[in-house]
Amino acid sequence: MFKTIANAFKIKDIRKKILLTLLLLFIYRLGCWLPAVGFDASAIMAGESGNVGFFSLMDMVSGGALANCSVLALGVAPYITASIVIQLLTVAIPKLEQLSKQGEDGRRKINLYTRIAALVLAIAQAVGIVVAYSSSIDVNNALWGSAPTWLIGAGIVLILVAGAMFTVWIGERITDLGVGNGMSLLIFVGILSSAAASFREAIKNTAQDITNLWYIVLFIVAVVAIFALIVFVDGGERRVNVQYAKQIKGRKMYGGQSTYIPIRVNGTGVIPIIFASALITFPQLIISMFWPNSSAYSWYSKWLGSGSWVYIVLTAVLILLFAFFYAKLMFDPDDISKRIQQQGGFIPGIRAGKPTADYLKKISNRITLFGAIFLAVIALIPSLAFKAIGDATSAGMLINAFSATGLMIVVSVALELDKQLEAQMLMRNYKGFLN
């Protein structure tokens with residue numbers, strides 16, 4: 001990848017895109033440290049120290065912006081959630097499915113619906129943050145003067161929502177004018193920033209206790225091994241051979257070629273992990289917002305909180321269920337079988353029609369099962385590590401920074417960026433040859 005970036009810098013057009021991307025990423029990170037007026041950041045940092053709750057994933061993705069309650073505290077979370085919801089609704093609602101097949105005009109309308117859904121989710125999440133951090137609202141702030149608390153909270157909600165939509169704008173500008181997918185790169189930078197901060201704290205703790213150095217060394221070795229495993233599985237796919245019969249039309253012969261259908265092992269990506277984590281922690285979010293001192297919150301934190309055995313088992317089961325559910329939406333064997341038959345193709349040894357659909361369904365279920373088990377194992381590594389070494393160690397902080405979702409996103413975005421840079425350099429070489 002580093003060699004690809006070095007070669008890309010030698011090309012003027014691509015170098016401009018890379019520099020523009022870096023500039024927009026710098027503006028985003030600058031906004032992540034610009035505090036939202038009305039919050040006492042020191043009180044929030046003291047209250048969130050070492051806490052692993054519902055907002056931990058959002059804070060990791062935003063690079064610590066949520067814990068600091070900055071202007072861009074929401075980050076890309078509302079847009080990503082809205083994109084997933086719209087994508088699922090596209091399969092369930094016929095009108096949205098028709099729009100997705102109408103080319104550029106249809107995609108433009110779906111993007112508009114996604115932005116509207118992101119705005120609604122941003123408002124809901126901003127209200128949730130203000131309610132969760134209501135005790136940290138600075139009523140003595142000079143800007144707000146002697147305004148009532150509810151008015152200060154409403155102003156903070158407006159600031160956070162505006163920051164979320166500004167983040168969406170930055171991501172779209174990176175996609176249009178820069179290199180790579182803008183939203184993915186914003187998440188990528190946020191995760192690396194969180195990991196760097198946790199690693200820096202772990203090194204400081206090593207100065208106080210030299211035994212923490214062994215935890216850091218073991219953690220680095222484990223991360224490298226997990227990275228290699230994720231890259232290996234991410235590139236794995238099952239190729240189903242398809243043969244197309246020869247057709248003579250007039251004086252020309254069509255078809256006769258052999259191709260394949262690639263079925264990826266991890267075709268669902270990190271979406272099952274995100275869905276499972278959100279579903280299992282959503283009740284804790286509601287209870288913590290409205291009944292933070294109740295016995296129900298204590299019971300839920302003890303038995304279903306992050307790191308408990310019940311949490312680990314439920315997370316694994318939900319990941320398996322969501323992996324199969326999302327795979328059914330993304331890969332339709334009946335539709336693929338129909339297309340193959342309409343184009344005069346067939347799978348060697350399998351009859352066209354329903355036998356082909358059943359054959360593809362059986363392969364898809366087996367591949368999905370292996371991918372789901374892989375996701376469950378990767379997702380549970382941090383929780384099992386917490387059980388083994390304890391949350392108070394330096395390794396615990398590092399494992400929290402490099403969570404399963406973070407590892408998967410970092411690897412996926414890095415591989416995708418490398419592919420896009422190679423594609424752009426290859427396109428430029430073709431243009432130069434044609435000119």
Side-chain angles (χ1 to χ4, degrees), residues 1-2 5 18-36 39 41-42 44-45 48-80 125 129 160 163-164 166-171 173-175 178-205 216 219-220 223-224 226-227 230 270 273-274 277 382 394-418:
M1 180 179 179
F2 295 105
I5 295 176
I18 294 176
L19 294 177
L20 179 61
T21 301
L22 294 176
L23 176 62
L24 292 173
L25 291 176
F26 174 77
I27 294 174
Y28 168 72
R29 289 305 305 161
L30 189 63
C32 289
W33 292 104
L34 185 64
F39 271 129
S42 59
I44 293 173
M45 291 296 290
E48 290 296 311
S49 179
N51 185 30
V52 181
F54 178 81
F55 294 118
S56 60
L57 176 60
M58 290 177 58
D59 187 51
M60 177 197 66
V61 170
S62 62
L66 181 59
N68 297 330
C69 275
S70 66
V71 175
L72 305 183
L74 295 179
V76 298
Y79 186 84
I80 296 299
Q125 292 180 5
I129 290 175
L160 294 179
F166 178 71
T167 304
V168 172
W169 181 85
I170 290 180
R173 297 288 74 74
I174 293 176
T175 303
V179 178
N181 184 280
M183 299 301 172
S184 300
L185 286 176
L186 294 180
I187 298 175
F188 179 82
V189 171
I191 293 173
L192 290 184
S193 177
S194 299
S198 297
F199 198 81
R200 185 173 61 251
E201 291 297 325
I203 293 178
K204 289 182 180 179
N205 293 336
I216 297 176
F219 167 78
I220 294 175
V223 166
V224 172
I226 293 174
F227 271 152
I230 293 175
V270 297
I273 299 179
I274 295 175
S277 301
S394 299
M397 291 188 300
L398 290 172
I399 294 171
N400 185 31
F402 272 109
S403 66
T405 308
L407 289 172
M408 295 288 293
I409 292 175
V410 166
V411 173
S412 300
V413 174
L415 293 176
E416 185 64 26
L417 180 62
D418 182 67

Colleague: Once side chain to side chain contact (heavy atoms under 4.5 Å, CB included) is applied, do any residues pair with Leu34, and if so which ones, sequence neighbours excluded?
Modeller: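 Partners of Leu34 by the side chain to side chain contact (heavy atoms under 4.5 Å, CB included) criterion, ordered by chain and then number, come out as Val71.
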Colleague: Whether the side chain of Thr167 engages the backbone of Gly163 through a donor-acceptor N/O pair (distance < 3.5 Å, no angle test) should be reported.
Modeller: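 Here the side-chain-to-backbone pair exists.
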Colleague: Working to the nearest 0.5 Å, report the span between CG of Leu74 and OH of Tyr79.
Modeller: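 Between Leu74 CG and Tyr79 OH, I get 16.0 Å after rounding to 0.5 Å.
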Colleague: Who passes side chain to side chain contact (heavy atoms under 4.5 Å, CB included) against Phe26, sequence neighbours left out?
Modeller: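 If we apply the side chain to side chain contact (heavy atoms under 4.5 Å, CB included) test to Phe26, skipping adjacent residues, there are no hits.
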Colleague: Could you grab the distance from atom CG of Leu417 to atom CD1 of Ile18, nearest 0.5 Å is fine?
Modeller: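 Between Leu417 CG and Ile18 CD1, I get 8.0 Å after rounding to 0.5 Å.
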Colleague: Going by side chain to side chain contact (heavy atoms under 4.5 Å, CB included), name the residues that satisfy it together with Thr21, two or more places apart in sequence or in a different chain.
Modeller: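 For Thr21, the residues satisfying side chain to side chain contact (heavy atoms under 4.5 Å, CB included) (neighbours in sequence not counted) are Leu25, Ile174, Val179, Leu185.
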Colleague: State which residue, out of Ile170, Val168, Thr175, fulfils the side chain to side chain contact (heavy atoms under 4.5 Å, CB included) condition with Met183.
Modeller: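 Considering Ile170, Val168, Thr175, a side chain to side chain contact (heavy atoms under 4.5 Å, CB included) with Met183 is found only for Val168.
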Colleague: Minimum heavy-atom separation for Tyr28 to Gly75, with atom names?
Modeller: OH-CA, 4.2 Å
Colleague: Taking all non-hydrogen atoms of both residues, which atom of Gln125 and which atom of Pro78 are closest, and how far apart?
Modeller: OE1-CG, 3.5 Å
